[in-house]
Engineer: 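I'd like to ask you about the structure that follows.
From a predicted model like this one, the values you see are computed outputs, not experimental measurements.
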Amino acid sequence: MESKSALYAPSAPLPNVQEMVKTDPSQVPANYIRNETDIANDAAFCHHLSSEVPIIDLYLLSKGHQEELTKLDQACKEWGFFLVVNHGVATEVTNGLKEAAEKFFELPLEEKNKIAIPPNDIQGYGHTQVDRKVLDWSDKLVLLVYPHQYRKLDLWPPTPFKDAIEKYSGDVRRVAEELIRSLSVIMGMEKDALLRLHQELVQPLSVAYYPQCSMPDKVLGLSAHSDKGTLAIVMQEDDVTGLQIKHNGKWVPIKPIHDAFVVNVGDIIEMWSNGKYKSIEHRVVTNESKARISYSTFFLPHQNAEIEPLDQMVLESPGSLPLYKKVTYGDYLRKTKDMKSEGKTHVSEVAKVES
């Protein structure tokens, strides 16, 4: 990668949301409030579908269990999101990261700002959102963890948080590799084919702090979007629901299940699968009484990797025609990162073949 800034837009000087809430819990500046038209036109909620989000057993998947591979295929085709259990990441590892993160966000702002995101960079503590009219109600720690040469250790938090990130990231990488191998199988290839197409599996981590918000019906912690990579693996807190996904045009909350990861496919899987497995819009809502921390690990191809529909996936499609153009991953990121639109319009504007 000639530039790590392809992964996220450079940070803008934005106020610290956690500090705003500490100063005045009722305060919500106008540039965080969604306009009335967007709120009125928002999709309906469908709470009862939370219990129908697919659950995948990684242990069975790793053994090539056919029924579990079929469940993965259905989950990617019908939902784009699923929960992963029996993933093998020890509870002491996940708890270690959660405890260290909580202590970090409790630090005084001047302490956290010792690793603030520098101008025109992407790693560190602060904000990574593009210059939107409506801002997200969150502060983040963003780090590039793998490959090692992309790390900027001067922007990592001190031990024990640093050690907890190292341990968790190594373990969750193993989970991602196993999932990508299984995706390779259900897409008609041998297990390691999809990993090879990445050239290099790039792994950023985003630890997001969503403070409580006095206007949860009008303010989002994270605006609706799809992920631009291959996969995302999210660890949620057990007691606060915040993540919502768009399923059949309605918002479905992803209720936390103890010791389960939330996984979603990104735009790159959509392109490789020629649209069989679509990346899904998702967002984070705010909570009036509780703050929330989430831990999102993204898995991306190397910027020189060429992304196009795989031959066997094209043959499965109606008319056996490719629905997406051939793009290098770096070009895809550069063309989409400054788009102001929410949702998934960036995919059709940059990658889809014009009909």
Engineer: Within the structure provided, determine whether Val28 and Ser214 are in side-chain contact (heavy-atom separation under 4.5 Å).
Structural biologist: yes
Engineer: Kindly work out whether a path of hydrophobic side-chain contacts (I/L/V/M/F/W/Y, heavy atoms less than 4.5 Å apart) joins Leu179 to Val53.
Structural biologist: no
Engineer: When you check the gap from the basic side-chain N to the acidic O, do Arg283 and Asp42 get nearer than 4.0 Å?
Structural biologist: yes
Engineer: How close do Asp24 and Ser26 get, heavy atom to heavy atom, and via which atoms?
Structural biologist: OD1-OG, 2.8 Å
Engineer: For Asp217, does the CG atom have more than 12 heavy-atom neighbours from other residues, nucleotides or ligands under 6.0 Å away?
Structural biologist: yes
Engineer: Are Leu109 and Ile293 connected, step by step, through hydrophobic side chains (Ile, Leu, Val, Met, Phe, Trp, Tyr) whose heavy atoms are closer than 4.5 Å?
Structural biologist: yes
Engineer: Please give me the minimum heavy-atom distance between Gly221 and Ser138, naming the atom from each residue.
Structural biologist: O-OG, 3.3 Å
Engineer: Heavy-atom distance under 4.5 Å between the side chains of Glu52 and Val252, does that happen here?
Structural biologist: no
Engineer: Below 4.0 angstrom, N of the basic side chain to O of the carboxylate: do Glu166 and Arg151 qualify?
Structural biologist: yes
Engineer: Would you say Phe81 and Val263 make side-chain contact, with heavy atoms under 4.5 Å?
Structural biologist: no
Engineer: Run the salt-bridge test on Glu306 and Lys326 with the 4.0 Å N-O cut-off and return the result as yes or no.
Structural biologist: yes
Engineer: Are Ser184 and Lys191 close enough that some pair of their side-chain heavy atoms sits under 4.5 Å apart?
Structural biologist: no
Engineer: Step through the shown structure and confirm whether more than 12 heavy atoms of other residues, nucleotides or ligands are within 6.0 Å of CD on Glu110.
Structural biologist: yes
Engineer: Assess whether a salt bridge exists between Arg174 and Glu177, defined as any Lys/Arg side-chain N lying under 4.0 Å from an Asp/Glu carboxylate O.
Structural biologist: no
Engineer: Quick one: do His302 and His198 satisfy ring pair (Phe, Tyr, Trp, His ring centres under 6.0 Å)? Show the steps, please.
Structural biologist: CA-CA 6 Å; His302 186 275; His198 283 74; over 10 Å; no
Engineer: Crowded around Lys218 NZ? As in, over 12 foreign heavy atoms under 6.0 Å?
Structural biologist: no
Engineer: Give the intermediate values and the outcome of side-chain hydrogen bond (donor to acceptor under 3.5 Å, both in side chains) for residues Lys255 and Gln236.
Structural biologist: CA-CA 9 Å; Lys255 291 181 181 172; Gln236 302 194 88; over 6 Å; no
Engineer: Side chains of Tyr150 and Glu200: donor-acceptor distance under 3.5 Å anywhere?
Structural biologist: yes
Engineer: Distance from Leu49 atom CG to Ile245 atom CD1, nearest 0.5 Å?
Structural biologist: 9.0 Å
Engineer: Kindly assign one of parallel, tilted or perpendicular to the pair Tyr125 and Phe104, based on the angle between their ring planes and the thresholds 30° and 60°.
Structural biologist: perpendicular
Engineer: Carefully, step by step, assess Gln212 and Ser289 under the rule side-chain hydrogen bond (donor to acceptor under 3.5 Å, both in side chains).
Structural biologist: CA-CA 6 Å; Gln212 64 266 35; Ser289 58; over 6 Å; no
Engineer: Quick check: closest heavy atoms across Leu201 and Arg173, and the distance to 0.1 Å?
Structural biologist: O-NH2, 2.9 Å
Engineer: With rounding to the nearest 0.5 Å, note down the distance linking NZ in Lys140 to OG in Ser296.
Structural biologist: 7.5 Å
Engineer: Taking the side chain as everything from C-beta on, heavy atoms only, tell me whether Tyr324 gets closer than 4.5 Å to Ile307.
Structural biologist: no
Engineer: Taking all non-hydrogen atoms of both residues into account, name the closest pair between Trp137 and Cys213 and its distance.
Structural biologist: NE1-CB, 3.4 Å
Engineer: Mind telling me whether Tyr146 and His148 have parallel, tilted or perpendicular rings, with 30° and 60° as the class edges?
Structural biologist: perpendicular
Engineer: To the nearest 0.5 angstrom, please state how far the CG atom of Leu143 sits from the CD1 atom of Ile117.
Structural biologist: 9.0 Å
Engineer: Enter the distance from Met20:CE to Gln18:CD here, rounded to the nearest 0.5 Å.
Structural biologist: 11.0 Å
Engineer: Find the distance between SG (Cys76) and CE (Met187) and round it off to the nearest 0.5 Å.
Structural biologist: 9.0 Å
Engineer: I'd like to know if Asp171 and Lys167 make a salt bridge, using a cut-off of under 4.0 Å between side-chain N and carboxylate O.
Structural biologist: yes
Engineer: Please name the residue in the list Leu69, Leu231, Asp73, Leu195 that meets the side chain to side chain contact (heavy atoms under 4.5 Å, CB included) test with Leu183.
Structural biologist: Leu231
Engineer: Given side chains that start at C-beta, do those of Leu61 and Tyr59 come closer than 4.5 Å, heavy atoms only?
Structural biologist: no
Engineer: Please round to the nearest 0.5 Å and tell me the distance separating atom CD1 of Ile122 and atom OG of Ser206.
Structural biologist: 11.5 Å
Engineer: If hydrophobic clusters are built from ILVMFWY residues whose side chains come within less than 4.5 Å, do Leu243 and Val142 share one?
Structural biologist: no
Engineer: Looking at Ile39 and Arg34, what are the two nearest heavy atoms and their distance?
Structural biologist: CD1-O, 3.6 Å
Engineer: Determine whether Leu310 and Met313 satisfy the following criterion, side chain to side chain contact (heavy atoms under 4.5 Å, CB included), listing intermediate values before the conclusion.
Structural biologist: CA-CA 5 Å; Leu310 299 167; Met313 304 308 292; 4.0 Å; yes
Engineer: Taking all atoms of both residues into account, what is the closest heavy-atom pair of Ala164 and Gly96, and its distance?
Structural biologist: CB-O, 3.8 Å
Engineer: In this structure, is the centre-to-centre distance between the rings of Trp251 and Phe45 below 6.0 Å?
Structural biologist: no
Engineer: Just wondering, do Asn287 and Arg292 contact through their side chains at under 4.5 Å, heavy atoms?
Structural biologist: no
Engineer: With no hydrogens and no angle check, do the side chains of Tyr210 and Asp139 hold a donor and an acceptor under 3.5 Å apart?
Structural biologist: no
Engineer: Strictly below 4.0 Å, N to O, side chains only: are Glu106 and Lys103 in salt-bridge contact?
Structural biologist: no
Engineer: Decide yes or no for Val285 and Leu220: does some side-chain heavy atom of the first lie under 4.5 Å from some side-chain heavy atom of the second?
Structural biologist: yes
Engineer: Between Lys325 and Glu308, does any NZ, NE, NH1 or NH2 come within less than 4.0 Å of an OD or OE carboxylate oxygen?
Structural biologist: no
